[in-house]
Amino acid sequence: MLPAELATVEGEEATLILHQGQGKAYDSTKRFVLVLAGAQSGKTVFGPWWLHREISERGPGDYLVVTPTYKLLNLKALPAFRRVFEGVFALGEYVGSPHQMFRFTPEAVVDTCGVEGEVNVFFGHAGDPDSLESATAKAAWLDEAGQNKFRLGSWEAIQRRLSIHQGRVLITTTPYTL
């Protein structure tokens, strides 16, 4: 098993090993899925696997990964994302400038989605709702969305970005405040 990960990988096959809470979230067909749990319970490492499945089911388009700050993104969510999307599946490359994003190769889009097209995953922070505008996304993973720096205006902007496709949302967070 990969350290601090949720899968065993043999060749090109990855087998998820989820605990009960992760399994329930993974199997949910709801539009909004919340994984609310304590520290070190596997929330952040779960996010990339959920998003990978969403991309394979929803197909080419844009997707979002949003954290309260870029510091938090770079500390945990981005490394977890890259371990799965670059390390396990070799789907493309991370581009840090001018916008933080991950681009699928054309071959990876066909392998993952079964059709040609473009897949981009944009990384944003919820401290500035305006920074999340102007995308049309198919799904979003919001990590540590319970923190005070994850602003209500950002949640509203994310919902607007998902409205055309009625995109699904995975929220992974510790219960910070009531």
Relative to the ring of F81, is the ring of F102 parallel (under 30°), tilted (30 to 60°) or perpendicular (over 60°)?
perpendicular
Are any of the side-chain nitrogens in R168 or E54 under 4.0 Å away from the carboxylate oxygens of its partner?
yes
Atom CD of residue position Q166 - does it have more than 12 heavy atoms of other residues, nucleotides or ligands inside 6.0 Å?
yes
Answer with yes or no whether the hydrophobic clustering places V84 together with L72; edges join I, L, V, M, F, W, Y residues whose side-chain heavy atoms lie under 4.5 Å apart.
no
With a 4.5 Å cut-off on side-chain heavy-atom distances among I, L, V, M, F, W and Y, is there a chain of contacts connecting Y63 to V35?
yes
Looking at side-chain heavy atoms only, is the closest gap between L73 and T69 below 4.5 Å?
no
Indicate yes or no: at least one non-hydrogen side-chain atom of F85 is less than 4.5 angstrom from one of Y94.
no
Using the benzene-type ring in the case of Trp, are the ring centres of H99 and F122 under 6.0 Å apart?
no
How close do E116 and V110 get, counting heavy atoms only, and between which atoms?
CG-CG2, 3.8 Å
T173 and K43 side chains, donor-acceptor separation under 3.5 Å
no
Is F150 linked to L78 within one hydrophobic cluster, defined over Ile, Leu, Val, Met, Phe, Trp and Tyr using a side-chain heavy-atom separation of less than 4.5 Å?
no
Step through the shown structure and confirm whether more than 12 heavy atoms of other residues, nucleotides or ligands are within 6.0 Å of CG on L16.
yes
Decide yes or no for S131 and H125: does some side-chain heavy atom of the first lie under 4.5 Å from some side-chain heavy atom of the second?
yes
Of the options V121, V95, V65, N74, which is the one that meets Q100 in a side chain to side chain contact (heavy atoms under 4.5 Å, CB included)?
N74
State, with a plain yes or no, whether a side-chain heavy atom of Q159 is found less than 4.5 Å away from one of V169.
no
Between W155 and F32, is the ring centroid distance below 6.0 Å?
yes
Please answer whether the main-chain N or O of R58 pairs with a side-chain N or O of K138 as donor and acceptor at a distance below 3.5 Å.
yes
Check whether any side-chain heavy atom of Y26 sits under 4.5 Å from a side-chain heavy atom of F46, and report yes or no.
yes
Rounded to the nearest 0.5 Å, the OG1 atom of T67 sits from the CG atom of L75 at a distance of 10.0 Å
Nearest-0.5 Å distance that lies between atom CG in L162 and atom CG in L64:
6.0 Å
Begin with the C-alpha distance, continue with both residues' side-chain angles, and end with the deciding distance and a verdict on side-chain contact (heavy atoms from CB on, under 4.5 Å) for Y176 and E144.
CA-CA 9 Å; Y176 292 97; E144 299 297 359; 2.6 Å; yes
Is a side-chain donor or acceptor of S56 paired with a backbone partner of R53 at a separation under 3.5 angstrom?
yes
Could you tell me which non-hydrogen atom of G42 sits nearest to which non-hydrogen atom of Q22, and how far apart they are?
O-NE2, 3.0 Å
If you round to the nearest 0.5 Å, how far is CG of D62 from OG of S134?
9.5 Å
If we count only N and O atoms by modelled type, under 3.5 Å, do the side chains of T44 and D143 hold a donor and an acceptor together?
yes
Crowding at CZ, R103 (>12 non-hydrogen neighbours, <6.0 Å):
no
Between V66 and L132, is the side-chain contact (heavy atoms from CB on, under 4.5 Å) condition met? List the steps.
CA-CA 9 Å; V66 182; L132 301 170; 4.0 Å; yes
Heavy-atom pair of closest approach, residues A157 and P129:
CB-O, 3.9 Å
Smallest separation among heavy atoms of S154 and G127, with atom names:
OG-N, 4.3 Å
Any donor-acceptor N/O pair, E86 side chain to E93 backbone, under 3.5 Å
no
Minimum heavy-atom distance I171-A145, with the two atoms named:
CG2-CB, 3.6 Å
Measure the NZ-OG1 distance between K76 and T172 for me, rounded to the nearest 0.5 Å.
10.5 Å
Presence of salt bridge, E133 and R160, under 4.0 angstrom
yes
H165 side-chain N/O to G167 backbone N/O, donor-acceptor pair under 3.5 Å
no
Are F123 and I55 connected, step by step, through hydrophobic side chains (Ile, Leu, Val, Met, Phe, Trp, Tyr) whose heavy atoms are closer than 4.5 Å?
yes
Flag side-chain contact, heavy atom, 4.5 Å: F104 against P60
no
Can the ring centroids of W49 and F89 be said to lie less than 6.0 angstrom from one another?
yes
Begin from the C-alpha positions of L170 and L51 and carry the test side-chain contact (heavy atoms from CB on, under 4.5 Å) through to its verdict.
CA-CA 8 Å; L170 172 67; L51 188 60; over 6 Å; no
Cluster question for you: counting only ILVMFWY and a side-chain heavy-atom cut-off of under 4.5 Å, with indirect links fine, are L34 and W141 together?
no
Test side-chain contact (heavy atoms from CB on, under 4.5 Å) on H52 and L91 and set out the steps.
CA-CA 10 Å; H52 179 267; L91 297 173; 3.7 Å; yes
